[in-house]
Each structure stands twice: as C-alpha cells, then as structure tokens.
Amino acid sequence: MTRTPVIAGNWKMHLTRRKSSALARDVAAHHGHAENRRCVVFPTFVHLDHVRRNLKNSNVVLGAQNCWPKKEGAFTGEISPYMLRDMGVQVVLLGHSERRHVIGEEDALIAEKVKLVLRAKLDVMLCIGETLEEREGNRTFEVLARQLKSLKMVKPGQEGRVSVAYEPVWAIGTGKTATPEMAQSAHAEARSQIEGILGAEAAARMPILYGGSVKAGNAAELLSQPDVDGALVGGAALTIEQFGPILDAASA
Ligand code: PEP
C-alpha cells in the first residue's frame, strides 16, 4: 500500500498576522501544486482567514489547531467545527499533547471532537503519544491503545478523512527526536491498533505522521521508515528555510 506523504506545520500560538500571511505565501510558493506529497498548515484561529487568502494558487491545506465539540451554543471562547468549515478550514488537529497535558483535555472530550469534526465534513488529524514517564515505565503501547480509542467514533465511510500523528511528548519542542527505529515501532503498533478498530483496509490506507523535533537534518531518515507517512512539525515549521527542506524530503 503506498500512502502519499503528509507534511504538516503546527504554528501553535506563534507569529503575527503579517508574519503568518508571509509564511503562508512562502509555503504556497514552495509546495505549489505538488501531487506526490500533501502539505497542511495549522495557524492560530485569528490568522486563519489571512492565511487562507495567502495560500491561494496552491494546494496547501488549511487546518485549525482545535475546536469545541458542539455545532453552536453558549460556549464562550470556543469555536465550532462548522465555523471552521465556513472559514475554509479542511482539517482539524485534535488531541495535541499541549492540549492534553497543558490544558488538561481527556480522551472522552477528544473522542467527542473526533465525532463532531467528521460530522461537520472536516478531516481529523488525531495526535497520540506517551510521556517520558510512560515510556520509561514500558507503557507506550498501552497509552497509544487508550488514545486511539477515540477512533471508535469514526463511522463507516469516514475512515479516509482521518490521519494520526504519533508525537512522543518527550520529543516535542525539546530537540530530542525518537530514533527512526523507535518511531517505526510505535507507528507499526498504532497501525495494528487502528486495524483492530477500523479494519485492515482503513489501517493500511491511514497516514500516520511522526512529530517531535523534526528538522531538515532528520526528516529524510524518519520518513524512510515503512510506517512513517509524514511529519507534524512545530518549531521548524515557522520559517520556510527550515520547513522547505522537510517538504522536499517527503518527495525525494
Ligand atoms: C508539535 O508541536 O506538534 C511538534 C512536533 O513540535 P516540535 O516540532 O517543535 O517538536
């Protein structure tokens, strides 16, 4: 099964409106209409509209970093997936480790988000990954299995709109990267868990991205692993000088 590699940039709570617009233009120019890789950017909510306008003339996909699992209502400060769709967003990042461990989101809430994002006809990129303590306690696979249970919300016919990003928490923003072997082992385990939930065909087709201090210098080796289908990039996604070579590594 060949899966088209996906390179995604998580811009987190960074950049000004002007800088995110400029970066969007740079990413659009670099990626263009390449068909041998997918490129997604996740700007902060308030820059979505500007980024969308600056991505035109490319097939870079516009993503949002989060949402609330309700269509509308009295949820002050929150944003519905339907509002995101109205804004031109195509994919929503869910369960990022900063939302799990800094904001305190739990699996049950993330599962509700998966359900509503898919119902709103948007794609889901579900982040999973263990902490250092969990890895050292040999609990990595158990944690992945627990976090992947959110995929039970995926209904028949929706599988093709879901991707997973394995991001070991200890590797995010720390400069420590999982070795290609560690990434491959976690991805293969995740794929087998996904098979148990959604079946063999969905599991074989589903892109599983690696995230955690991916840079130009380590991207190619990580992407060469059979079950690593792309990269979710944080720090190195904030300039085209760093992000461009990672995009190129996906189509090398
Ligand atoms: C991320 O935020 O998803 C991430 C992987 O960050 P970094 O690349 O900076 O480790």
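Excluded from the calculations below are hydrogen atoms, water molecules and symmetry mates; all remaining heavy atoms, backbone and side chain alike, are included.
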Check whether any side-chain N or O of [X] sits under 3.5 Å from a backbone N or O of [Y] as a donor-acceptor pair, and report yes or no.
X      : Y      : result
Asn57  : Gly32  : no
Ser58  : Ala28  : no
Lys152 : Ile197 : no
Arg85  : Ala120 : yes
Gln225 : Leu222 : no
Glu221 : Pro180 : no
Thr131 : Glu134 : yes
Arg161 : Val124 : no

(message) Can you give me the closest heavy-atom contact between Met182 and Ala178, atom names plus distance?
(response) CB-CB, 4.0 Å
(request) Considering non-hydrogen atoms only, spot the tightest contact between Val89 and Val92 and give its length. (result)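 Looking at all heavy atoms of both residues, the shortest contact is CG1-CG2, 4.4 Å.
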(message) Checking Glu98 against Lys12 for the salt bridge (charged side-chain N to carboxylate O under 4.0 Å, His left out) test, could you report, in this order, the C-alpha distance in whole Å, the side-chain angles of both residues, the deciding distance, and whether it holds?
(response) CA-CA 10 Å; Glu98 286 144 20; Lys12 308 196 189 195; 2.7 Å; yes
Should we count [atom1] of [X] as having more than 12 external heavy atoms under 6.0 Å?
X      : atom1 : result
Arg38  : CZ    : no
Arg146 : CZ    : yes
Glu35  : CD    : no
Glu78  : CD    : yes

(request) State whether a side-chain donor-acceptor pair under 3.5 Å links Tyr210 with Gln184. (result)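 Note: Tyr210 and Gln184 side chains miss the donor-acceptor criterion.
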(message) Side chains of Asn59 and His31: any donor to acceptor distance under 3.5 Å?
(response) yes
(request) Mind telling me whether Trp68 and Phe75 have parallel, tilted or perpendicular rings, with 30° and 60° as the class edges? (result)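 If you compare the ring of Phe75 with that of Trp68, the planes turn out tilted.
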(message) Within the structure provided, determine whether Ser185 and Phe141 are in side-chain contact (heavy-atom separation under 4.5 Å).
(response) yes
(request) Applying side-chain contact (heavy atoms from CB on, under 4.5 Å), run through Arg99 and Gln65 and close with a yes or a no. (result) CA-CA 10 Å; Arg99 299 224 50 98; Gln65 297 175 15; over 6 Å; no
(request) Give the C-alpha distance, both sets of side-chain angles, the deciding distance and a yes or no for side-chain contact (heavy atoms from CB on, under 4.5 Å) between Arg37 and Val6. (result) CA-CA 6 Å; Arg37 64 181 181 223; Val6 184; over 6 Å; no
